[in-house]
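Note sheet for the following structure.
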Amino acid sequence: MNNLRLFLVGLIACILAAACSSSSKKPQQPKPQDVPVPQLESINIRAGPFSDQKLISVKPLTSVGENSEAYFSPDSKKILYHSRNRPEHIQTQIYEINLTNMRERRISYHDGEDANAVYTPDPNYFIYSSTTDEIKEGDEAISSVMKTYAPNLVKKHPQQNGLDFRPYEIYLSKTDGSQITRLTKSPGYDGEASINAKGTKIVFVSTRGGHADLYLMPFSTTNLTTNSAAIRRLTNDIQYDSNPIFVPQTDQILWIKYSEDLKTSQIMLGDQLAQNAHSLTGKAAMYWTPFFHPSGKEFVFSSNRGDGTHFNLYVLDLVGLCLKRLTENANDEFLPAFSPDGKKLLFTSNLNGKNQIYLMDYIPPHACLDELP
């Protein structure tokens with residue numbers, strides 16, 4: 001049995017990367033190389049009602065492979081995102097685009113999946129999720145990865161309420177790919193990490209307690225000692241909690257809570273420990289990936305509340321709970337993220353048939369929808 005286990009571990013590493021390596025030894029990663037990003041023409045998408053314009057001009061930023069989940073650097077000059085199905089690799093890896101010269105570089109070279117990359121307040125560092133270590137450490141994780149990459153070799157893999165939670169752990173790295181530090185070590189899923197504006201706390205999702213809940217841990221780029229005892233559980237129920245973010249200036253926590261049947265979700269707002277929470281949305285729909293405007297007075301999110309099928313972008317103004325619709329298309333727009341000055345908006349869309357990253361000016365609609373959030 002031990003020999004079979006060792007064989008499976010080695011096989012997984014070979015499947016996930018061209019070279020098999022042990023992440024515990026943290027081999028030196030290749031130095032990121034800048035390459036030009038293909039220049040693409042701007043396209044128009046339909047704006048939401050009560051907008052100052054009928055169409056919104058959006059700029060495609062990516063075209064190679066499938067790209068998603070982009071976030072600005074603190075100075076708005078760069079973006080981090082993950083990319084998959086490229087000629088060089090199938091699994092998701094982290095990339096960075098310099099918006100000043102439109103050059104791209106790959107940052108992570110792991111033998112696993114990398115995702116959820118966001119800059120820390122220090123632009124030289126970022127946090128992200130990766131399966132690189134845990135795919136070598138646990139039977140359940142091995143089974144899950146084998147299901148994805150070698151489905152003929154395994155019949156079962158762990159699921160949580162019907163959802164596939166890959167064996168992510170949370171990491172810190174410099175943007176040159178060096179000084180990789182593992183911040184969590186728990187069997188199962190640790191991901192969707194978000195850092196507060198001061199760079200002192202991380203809120204994240206973990207299945208370590210038996211189901212997907214929110215957790216909080218202290219953070220510092222100057223003290224990289226991981227203290228599991230300092231990690232605090234914030235929610236504890238059977239409903240799946242997801243996409244936590246901090247409210248600017250207050251460190252209150254906003255997140256998504258799914259219904260037990262996973263057919264709908266709601267946007268929740270709680271205090272600094274996600275307690276005394278209440279829902280900001282009422283209409284039965286699916287709500288995804290909220291992101292706060294730097295003012296802290298409104299946030300953007302993706303939802304299918306319009307037609308029950310397509311995900312478009314909405315803004316909820318917390319002053320008076322005014323709901324505004326940004327986009328109204330037969331495609332999907334999701335994973336929105338404001339620039340630090342609040343003037344630009346990144347999002348992911350399948351406008352061309354595959355998920356790619358787009359950039360647009362943020363011009364909020366001038367009137368609220370005639371409906372409750």
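- With a 6.0 Å radius and a threshold of 12 heavy atoms from other residues, nucleotides or ligands, Lys297 has its NZ atom at or below the threshold.
- The aromatic rings of Phe301 and Tyr287 sit tilted, their planes meeting at an angle between 30° and 60°.
- Counted by atom type alone, Thr120 and Asp122 present zero donor-acceptor pairs between their side chains at under 3.5 Å.
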For this session: Test side-chain contact (heavy atoms from CB on, under 4.5 Å) on Phe292 and Leu318 and set out the steps.
Result: CA-CA 11 Å; Phe292 257 97; Leu318 292 178; 3.9 Å; yes
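- The closest donor-acceptor contact from the side chain of Ser302 to the backbone of Glu333 lies under 3.5 Å.
- Checked against a 6.0 Å centroid threshold, the rings of Tyr258 and His211 do not count as neighbours.
- Here the OG1 atom belonging to Thr207 is positioned 6.5 Å from the CG atom belonging to Asp190, to the nearest 0.5 angstrom.
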For this session: Show your working on side-chain contact (heavy atoms from CB on, under 4.5 Å) between Glu192 and Asn243 and close with a plain yes or no.
Result: CA-CA 6 Å; Glu192 303 171 50; Asn243 304 135; 3.6 Å; yes
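- Listed by first then second residue, pairs satisfying disulfide bond (SG atoms under 2.5 Å apart) with a partner in residues 307-343 read Cys322-Cys368, not counting sequence neighbours.
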Exercise. Under the side-chain contact (heavy atoms from CB on, under 4.5 Å) criterion, do Arg305 and Leu369 qualify, and how do the steps go?
Worked result: CA-CA 12 Å; Arg305 62 177 288 142; Leu369 294 177; 5.7 Å; no
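- Distance check, rounded to the nearest 0.5 Å: CD1 of Ile79 to OH of Tyr119 gives 7.5 Å.
- For Lys174 and Tyr125, the positive end sits near the middle of the six-membered ring, less than 6.0 Å away and at most 45° from its axis.
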For this session: Could you check Leu80 against Tyr128 for side-chain contact (heavy atoms from CB on, under 4.5 Å), going step by step and ending with a plain yes or no?
Result: CA-CA 10 Å; Leu80 280 176; Tyr128 63 103; over 6 Å; no
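- With hydrogens and angles disregarded, a donor-acceptor distance shorter than 3.5 Å links the side chain of Asp75 to the backbone of Lys77.
- Within a 6.0 Å sphere centred on CZ of Arg233, heavy atoms belonging to other residues, nucleotides or ligands number more than 12.
- Side-chain contact between Pro364 and Val315 is absent, with no heavy-atom pair separated by less than 4.5 Å.
- Using a cut-off of 4.0 Å between Lys/Arg side-chain N and Asp/Glu carboxylate O, Arg106 and Glu88 are scored as not salt-bridged.
- His110 and Tyr171 have tilted rings, their planes meeting at an angle from 30° to 60° on a 0 to 90° scale.
- Rounded to the nearest 0.5 Å, atoms CD (Glu96) and OG1 (Thr175) are 5.5 Å apart.
- Taken to the nearest 0.5 Å, the CG atom of Leu216 stands 11.5 Å off from the OG1 atom of Thr235.
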For this session: For the pair Arg84 and Glu66, evaluate salt bridge (Lys or Arg N to Asp or Glu O under 4.0 Å) and give the outcome as yes or no after the intermediate values.
Result: CA-CA 5 Å; Arg84 65 188 295 268; Glu66 298 175 57; 3.4 Å; yes
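- Heavy-atom neighbours of Asp370 CG from other residues, nucleotides or ligands within 6.0 Å: at or below the threshold of 12.
- Applying the disulfide bond (SG atoms under 2.5 Å apart) test to pairs two or more places apart or on separate chains, none has a residue in residues 54-134.
- Note: Phe291 CZ to Phe299 CZ = 13.0 Å, rounded to the nearest 0.5 Å.
- Annotation for Arg208: atom CZ counts as buried by contact number, over 12 foreign heavy atoms lying within 6.0 Å.
- With hydrogens and angles ignored, the 3.5 Å screen pairs no side-chain donor or acceptor of Thr264 with any backbone N or O of Ala284.
- Judged by distance alone, with hydrogens and angles left aside, the side-chain atoms of Asn350 form a donor-acceptor pair with the main-chain N or O of Asp332 at under 3.5 Å.
- Ring pair Phe311/Trp288 is parallel by interplanar angle, where below 30° counts as parallel and above 60° as perpendicular.
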